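Notes for the one structure printed next.
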Amino acid sequence: MGAANAGTILAQISADGGGAIADAVVYAIPASGPASASQATALMAQENQEFTPFVLPVQVGTNVEFPNRDSFRHHVYSFSAAKPFELKLFSGKERQVVTFDKEGIIALGCNIHDNMLAYIYAVPTPYFAKTGDDGKATIANLGAGAYTLKVWHPTKKPAAKKLS
Amino acid sequence: MFQKFQTKLVLLFALLFAAVQGVSYLSVQNTVRNNIFDQARDQLTRAYAVFEKNVEDTTTVLAEGSTILAKDFGFRQAVATNDRPTIMSAIDNLSTRIKADRVILVAPDNKIIGDTGTASDAAADGNIVTVGEANAVFQFPEMIAQADEEGRANSITVMDGQIYQTVVVPIGAPVTIASLVIGVEINTIYVATLAKKFTVPLDITFAKSPAEGEWIVGTSTLKPELAAGLGGALRTADTSATQVAKTLTLGGRDFVTLIASLPSPSSSAKIDAAIQYSLDASLIPFEPLFLTLLGLAGGTLLLTLIASFFIAGGVSKPIRVLDAAARRIQSGDYREKVNIDQKDEIGRLSQTFNQMMDGIAQREAKIEYQSLHDPSTELPNRLAFERRLNGAIAEAQKSNAALSVYLVQIGRFSEINNTLGHDTGEQLVAKIGDNLQRIIKQSDVVSRHSSSIFALLLPGAGSNQVNPIVERILDSFDEPLSVGGNAIDVTAWIGEACYPEHGITAKMLLQRADTAIFEAKKSSQHYALYNAQLDPYKPERLSMMGELRSGLDRGEFRLYYQPKIDIATEKITAAEALIRWIHPVRGFMPPDAFIPLAEQTGNIQKLTSWALDTAIAQVAAWKAKGIDIKVAINLSARDLSNRNLPHEIERVMAKHGATIDQLILEITESAVMEDPKQSMEVLSALNKMGAILSIDDYGTGYSSMSYLKSLPVQEIKIDKSFVMKLSSNKGDEILVRSTIDLGHNLGLKVTAEGVEDRAGLDILKTYGCETGQGYHISKPVPAADFEKFFLTSRWSPLPQSAAANA
Ligand SMILES: [Cu+2]
């Protein structure tokens with residue numbers, strides 16, 4: 001993990017072996033207490049029989065839209081305790097929004113395509129970032145104060161997709 | 001019982017054949033077994049493939065069925081939300097649908113969420129799903145991990161002691177939130193179903209090894225008692241080389257066995273599958289073949305026995321025939337020939353046998369002819385004659401017929417032999433034989449009985465009538481016989497004995513005829529019929545021999561003395577001591593009546609000892625009285641073989657004070673000839689002592705004058721038969737003269753016995769014969785009479801005055 005400048009945290013996440021880890025979520029929790037719920041929106045699209053992005057960090061309270069960009073159906077579900085839900089989606093015809101109002105990891109699957117896997121990570125702070133392929137992430141616009149910095153990343157990758 | 005050649009041969013054939021059959025039978029059986037083993041190995045390999053396929057198929061069914069459940073949204077939702085009733089009913093439904101014996105739901109941390117339990121649990125629970133104990137842990141985490149990684153894991157495991165074919169699938173939501181473990185128990189139904197899939201009847205057994213080297217049979221299509229044995233067999237068998245067929249013996253039966261180690265989690269007990277092919281069971285289809293083989297072997301063995309019996313018979317039969325022929329030859333039967341019509345060695349052997357029989361028969365006939373014939377005359381010999389005579393006697397006995405046996409003796413045959421040679425003698429005999437054969441009838445028998453005697457067998461002539469043949473035979477000797485350029489004058493005597501009058505055996509008849517010759521010699525007719533009155537050998541006389549011994553003791557014997565004179569001076573010089581037996585009953589016995597018998601019975605030595613003692617005592621006594629003469633004592637053949645005789649004489653002489661020059665010992669030629677070697681020894685000893693030895697009865701024996709030369713004798717005594725008719729018979733005169741000349745030429749003195757008249761004495765004097773003895777001088781007289789005669793007779797050597805004084 002890199003050093004934090006005032007207002008900005010630059011993080012570098014790497015595995016024990018030294019390889020950069022992508023899709024790791026880095027987030028900072030202010031010591032002053034949890035921030036107010038977000039009114040922001042985010043996208044978890046289904047494209048080419050895959051979720052995109054693979055990992056989506058959001059602040060608790062964020063409304064996440066699930067656009068289906070494929071020509072076929074998806075049946076997105078979550079059995080995760082933070083947000084169980086089920087969306088039967090048809091390409092472009094519906095606009096489905098789910099509000100993630102609890103902190104936690106939500107594993108997303110598709111009941112039609114077993115290979116589809118994605119994670120939504122709801123954090124109780126607006127200060128979070130996701131590492132790129134180089135393992136680096138930047139949290140900007142931090143106010144003055146003490147923060148607890150946390151990192152999470154998924155262990156399981158989606159299986160190779162089977163294109164129909 | 002194995003003595004017979006045939007039996008041996010049959011047994012040999014049978015053994016050989018049985019051995020061949022046995023070897024071929026065993027070889028067929030071995031080949032069949034090997035084939036079955038190869039076949040079994042192939043079958044087992046195929047069966048193992050079937051088994052693997054079965055496991056795979058079952059795995060597929062289980063995996064597919066459970067995957068469907070694992071993917072069920074509702075089920076996943078239930079698992080994710082820990083909706084236990086839903087979870088359990090879904091599991092129960094799954095186990096029913098895919099015919100699983102056990103389903104276990106395992107959390108990612110290996111904790112068991114739910115478990116249908118073992119089949120027996122299920123049965124007890126009425127197939128209602130029970131929830132596993134809290135904190136129960138699934139024992140094969142590696143299977144969970146593998147399933148999470150690969151979407152499926154399958155293995156053969158042992159759970160709660162039961163063997164399961166086990167499949168594990170993950171439940172993804174979408175990440176794995178739990179795993180489904182589905183088990184099919186490898187139970188009797190499982191193995192029975194599996195066994196049905198094999199194309200041949202095979203047994204399959206699953207065994208687990210809870211510890212190293214320990215094997216427990218789980219499920220098997222084998223009978224329990226065999227299956228239990230397999231556990232032991234696996235323990236001892238080398239199971240490291242799996243999937244290699246080997247033969248295991250269970251309950252005494254052989255099984256070709258393929259053992260395969262099954263894939264199981266490392267934490268599970270090891271599990272082996274044994275697929276087995278019963279060799280014995282697979283041999284059952286071959287039993288008819290083996291039975292047929294055995295039947296064929298037995299049948300052909302029987303045929304071999306029968307065939308070899310006949311073949312061996314064919315070989316041994318001619319051997320038996322030859323054996324029988326050899327036995328016939330042994331018993332002397334050569335008539336029956338061996339008849340084996342074969343062109344081989346045995347046939348030739350039988351021909352040789354026949355030739356041998358002929359040869360033996362011919363030789364035997366020749367030997368028999370030789371044994372029964374005299375080679376010189378070709379006449380039957382004594383043996384043949386006795387046989388013929390016995391035969392004739394037997395016939396005569398039946399028909400009450402009479403027989404006559406004649407012996408014809410040729411006179412002076414030994415002299416003829418000596419003077420003209422043996423060959424001439426034999427030619428002469430042959431000629432006489434021819435003459436005799438001409439004289440008798442064809443049916444009559446003439447044989448050569450001894451060197452100088454012929455025997456004739458004729459039918460009995462009328463009683464008291466001399467057979468004219470006798471006359472004809474004697475006539476044939478009238479003219480000299482011409483042999484080898486010599487005209488030989490031959491005298492013959494004939495003795496006759498008749499059956500049954502004189503004897504009823506051949507031996508007796510011949511003996512009697514011989515006795516008759518003796519009589520014939522005395523008669524002028526040259527012929528005599530046997531006369532029992534004259535026979536010294538008459539049986540009643542034999543009893544006298546006992547009396548002879550006692551007579552000696554009783555003093556019944558006397559010595560008579562016959563004077564011997566010096567012919568030139570006509571004075572007594574000696575006396576011959578002659579034994580007389582005055583038998584208390586029979587009266588006076590002539591020496592001829594007992595001397596030969598005494599010789600035969602061994603009493604002669606006693607008699608001789610007595611005579612020596614008496615005569616020497618007498619001559620010593622006489623000398624004391626002034627009667628100075630020698631005494632002559634006769635010795636027999638037996639005496640001449642007595643080595644002690646010289647010592648005995650010496651002893652007796654010493655005893656009576658006599659001197660050896662007073663003694664003359666008379667011996668006959670025939671006595672010397674009985675044992676010439678021994679006689680010569682005794683005679684030489686006597687001669688050394690200084691005794692005068694004299695050959696008695698000279699002229700009647702066989703020995704030649706030249707033989708006498710070799711004897712240590714000083715004197716010969718011409719037999720009285722030549723001397724008695726000296727004055728009337730010209731022939732005797734010539735013979736006596738030549739004998740005297742011959743004796744003198746050999747340096748011997750000559751005594752003539754049988755001087756019966758003055759004329760004879762004068763003739764002897766003319767010839768220069770030294771000593772004379774005979775009735776003309778004096779008959780033998782007792783000692784006292786002799787003494788008187790010596791003193792008073794005109795033959796007394798004493799001066800007439802002295803004689804007159806005595
Ligand atoms: Cu989908």
Side-chain angles (χ1 to χ4, degrees), chain A residues 23-25 44-56 64 66 68 73-89 98 100 102 104-122 152-162 164, chain B residues 60 62-91 94 105-111 113-114 141-154 167-180 182:
Chain A
D23 292 325
V25 176
M44 176 58 78
Q46 300 105 55
E47 197 173 0
N48 295 325
Q49 209 183 308
E50 279 181 349
F51 286 109
T52 181
F54 170 52
V55 174
L56 176 67
V64 178
F66 289 84
N68 181 357
R73 269 181 66 184
H74 290 287
H75 179 178
V76 180
Y77 69 88
S78 159
F79 296 133
S80 301
K83 187 67 187 182
F85 68 94
E86 191 180 348
L87 298 170
K88 290 173 181 166
L89 297 170
V98 177
F100 291 85
K102 258 195 240 168
I105 302 159
I106 297 98
L108 298 178
C110 174
N111 201 30
I112 296 166
H113 306 105
D114 285 349
N115 64 297
M116 290 173 71
L117 172 66
Y119 294 95
I120 291 176
Y121 194 23
W152 170 90
H153 74 95
T155 52
K156 188 163 183 176
K157 296 280 186 262
K161 67 180 174 185
K162 280 191 270 177
S164 54
Chain B
T60 305
L62 293 177
E64 281 176 355
S66 50
T67 302
I68 287 166
L69 179 64
K71 297 272 171 70
D72 183 83
F73 191 74
F75 180 69
R76 283 193 287 191
Q77 196 164 34
V79 172
T81 58
N82 201 18
D83 179 358
R84 295 191 81 88
T86 308
I87 291 167
M88 294 312 157
S89 71
I91 287 173
L94 174 68
L105 188 64
V106 182
D109 60 359
N110 284 324
K111 288 213 172 111
I113 303 164
E142 64 265 49
M143 286 187 79
I144 301 290
Q146 191 193 356
D148 189 31
E149 199 76 22
E150 297 170 11
R152 176 199 290 187
N154 62 281
V167 175
V168 178
V169 291
I171 300 166
V175 292
T176 303
I177 52 169
S179 297
L180 266 176
I182 306 102

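Model, not experiment: these values are computed from the prediction. Just so you know, these numbers use all the heavy atoms, side chains as well, and skip hydrogens, waters and symmetry mates.
- Closest approach of A:Leu117 and B:Pro174 over heavy atoms only: CD1-CG, 3.1 Å.
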Just list the donor-acceptor pairs under 3.5 angstrom between chain B and chain A, please.
{"residue": "B:Lys71", "atom": "NZ", "partner": "A:Asp114", "partner atom": "OD2", "Å": "2.7"}
{"residue": "B:Arg76", "atom": "NH1", "partner": "A:Tyr77", "partner atom": "OH", "Å": "3.3"}
{"residue": "B:Arg76", "atom": "NH2", "partner": "A:Asn111", "partner atom": "OD1", "Å": "2.6"}

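- Listed by chain and residue number, A:Met44, A:Leu56, A:Lys130 satisfy the side-chain contact (heavy atoms from CB on, under 4.5 Å) test with A:Pro53 (two or more places apart in sequence, or in another chain).
- Taking the side-chain contact (heavy atoms from CB on, under 4.5 Å) definition, one finds that B:Ala147 meets it with B:Ala153, B:Val168, B:Pro170, sequence neighbours left out.
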